[in-house]
Amino acid sequence: LQNNQVLGIGSGSTIVHAVHRLAERVKQDNLSIVCIPTSFQARQLILQNGLTLSDLDRHPELDVAIDGADEVDSDLNLIKGGGGCLTQEKIVAGYAKCFIVIADYRKKSESLGERWKKGIPIEVIPMAYVPVSRALTKKFGGAVELRMAVSKAVRVPDQPHGRGFKQWGGSGVNQHVNSCSAGVVETGLFIDMAEVVYFGMEDGSVSVREKQPG
């Protein structure tokens, strides 16, 4: 963290701890930073911790984005979006010079789908839910499940799962889902985006997994 940086603030339980620590650093070192949220929760965290809130209209390029993940593989590819904010999260991460992930040890795996068993979140335009579901089932098999909102205003992500993920690999699935049918907004596959992942281990230590050159 450096003075005059623009930071993207992600969503989820891990980010709560990150923002608290961020606020401590800002106060301790008298830093001037600006924060861009990925969700209403992130926006409230920024304000509650006395940090400066902004948006992509005023700060279209970010220095660093910090977010959690539902699962991280050995190549730093991610499944995200279980909480329903995947499009905003991908936008903020995509416009950051550096994307950093923090997660607990339960999200660490060798390949996607090893630990996360709830499928790949996909955000769709509501009117396209049925035809998109049919197209995905035809291509990948498995089932498509509509994620119903609990205490949220929007209920858009759905979750396909089945044999297709391992058959195509993360990048192939991501590309196919994005192009398979009109109405797909984004997928919860974050391929080749993260630079480094910090895992909080069960014993309180931190395990670091960095992107390999080439």
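Quantities reported herein were computed from a predicted structural model and do not represent experimental measurements. Both backbone and side-chain heavy atoms feed into the values below; hydrogens, waters and symmetry mates do not.
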**Chi angles and distances behind the side-chain contact (heavy atoms from CB on, under 4.5 Å) call for Glu61, Lys97** = CA-CA 8 Å; Glu61 186 175 278; Lys97 296 174 185 175; 3.0 Å; yes
Nearest heavy-atom approach of Ser11 to Glu89 is CB-OE2, 3.4 Å
Looking only at heavy atoms, the pair that brings Pro60 and Tyr95 closest together is O-CB, 3.7 Å
Using a 4.5 Å cut-off on heavy atoms from C-beta on, say whether the side chain of Leu189 contacts that of Leu112.
yes
In terms of heavy-atom contacts, does CZ of Arg106 have more than 12 from other residues, nucleotides or ligands at under 6.0 Å?
-> no
The side-chain contact (heavy atoms from CB on, under 4.5 Å) partner of Phe199 among Asp104, Val208, Val72 is Val72
Closest non-hydrogen contact found for Val92 with Pro37 is CG2-O, 4.0 Å
Here the pair of heavy atoms bringing Ala128 nearest to Gly183 is CB-CA, 3.7 Å
Any non-hydrogen side-chain atom of Ile125 less than 4.5 Å from a side-chain atom of Val185? yes
Next item on the list: Using a 4.5 Å cut-off on heavy atoms from C-beta on, say whether the side chain of Leu47 contacts that of Asn49.
Entry: no
Requested in this report: Compute whether any side-chain donor of one residue and acceptor of the other, for Glu71 and Ser109, lie under 3.5 angstrom apart.
Outcome: yes
Here the pair of heavy atoms bringing Val19 nearest to Leu51 is CG1-CD1, 3.9 Å
**Prompt:** If we only count heavy atoms from C-beta on, is the Lys90 to Met193 side-chain gap below 4.5 Å?
**Reply:** yes
message = Using only atom types and a distance under 3.5 Å, with no angle test, would you say the side chain of Ser133 pairs donor to acceptor with the backbone of Tyr129?
response = yes
* Asked: Should Ile15 and Ile33 be regarded as members of a common hydrophobic cluster, given that ILVMFWY residues are connected when their side-chain heavy atoms come within less than 4.5 Å of each other, either directly or indirectly?
  -> yes
Original post:
For atom CD of Gln44, is the number of surrounding heavy atoms from other residues, nucleotides or ligands below 6.0 Å larger than 12?
Top reply: yes
*asked:* Is there a side-chain contact between Leu76 and Arg209 in this structure, where contact means two heavy atoms from C-beta onward sitting under 4.5 Å apart?
replied: yes
Determine, using the 4.5 Å side-chain heavy-atom cutoff (strictly less than), whether Val144 and Ile120 are members of one ILVMFWY cluster. yes
Carefully, step by step, assess Val16 and Gln41 under the rule side-chain contact (heavy atoms from CB on, under 4.5 Å). CA-CA 9 Å; Val16 175; Gln41 177 214 19; 4.0 Å; yes
salt_bridge(Asp70, Lys107) N-O dist < 4.0 Å:
no
| said: Any donor-acceptor pair under 3.5 Å linking the side-chain atoms of Glu123 with those of Thr87? | reply: yes
Worksheet item: Are any non-hydrogen side-chain atoms of Val26 and Ser32 less than 4.5 angstrom apart?
Response: no
Residues Lys108, Glu202; criterion salt bridge (charged side-chain N to carboxylate O under 4.0 Å, His left out); working and verdict:
CA-CA 12 Å; Lys108 186 178 184 179; Glu202 198 168 12; over 6 Å; no
Q. Linking I/L/V/M/F/W/Y whenever their side-chain heavy atoms sit closer than 4.5 Å, directly or via other members, would Val64 and Leu31 fall into one cluster?
A. yes
| query | Is it the case that one hydrophobic cluster holds both Ile66 and Tyr198, taking links as side-chain heavy atoms less than 4.5 Å apart, direct or via other members? | reply | yes
Practice prompt. Take Tyr105 and Asp203 through the side-chain contact (heavy atoms from CB on, under 4.5 Å) test and state the conclusion after the steps.
Written response: CA-CA 10 Å; Tyr105 64 95; Asp203 62 3; over 6 Å; no
Would you check, one step at a time, whether the test side-chain contact (heavy atoms from CB on, under 4.5 Å) holds for Thr52 with Ser54?
CA-CA 7 Å; Thr52 302; Ser54 189; 5.6 Å; no
message = Is there a path of hydrophobic side-chain contacts, each under 4.5 Å between heavy atoms of I/L/V/M/F/W/Y residues, joining Leu22 to Ile102?
response = yes
field: Carboxylate-amine/guanidinium proximity below 4.0 Å for Lys211 and Asp75
entry: no
| request: Indicate yes or no: at least one non-hydrogen side-chain atom of Leu86 is less than 4.5 angstrom from one of Pro121. | output: yes
(Q) Test your reading of the model: is there a side-chain donor-acceptor pair from Asp55 to the backbone of Arg58, 3.5 Å cut-off? (A) yes
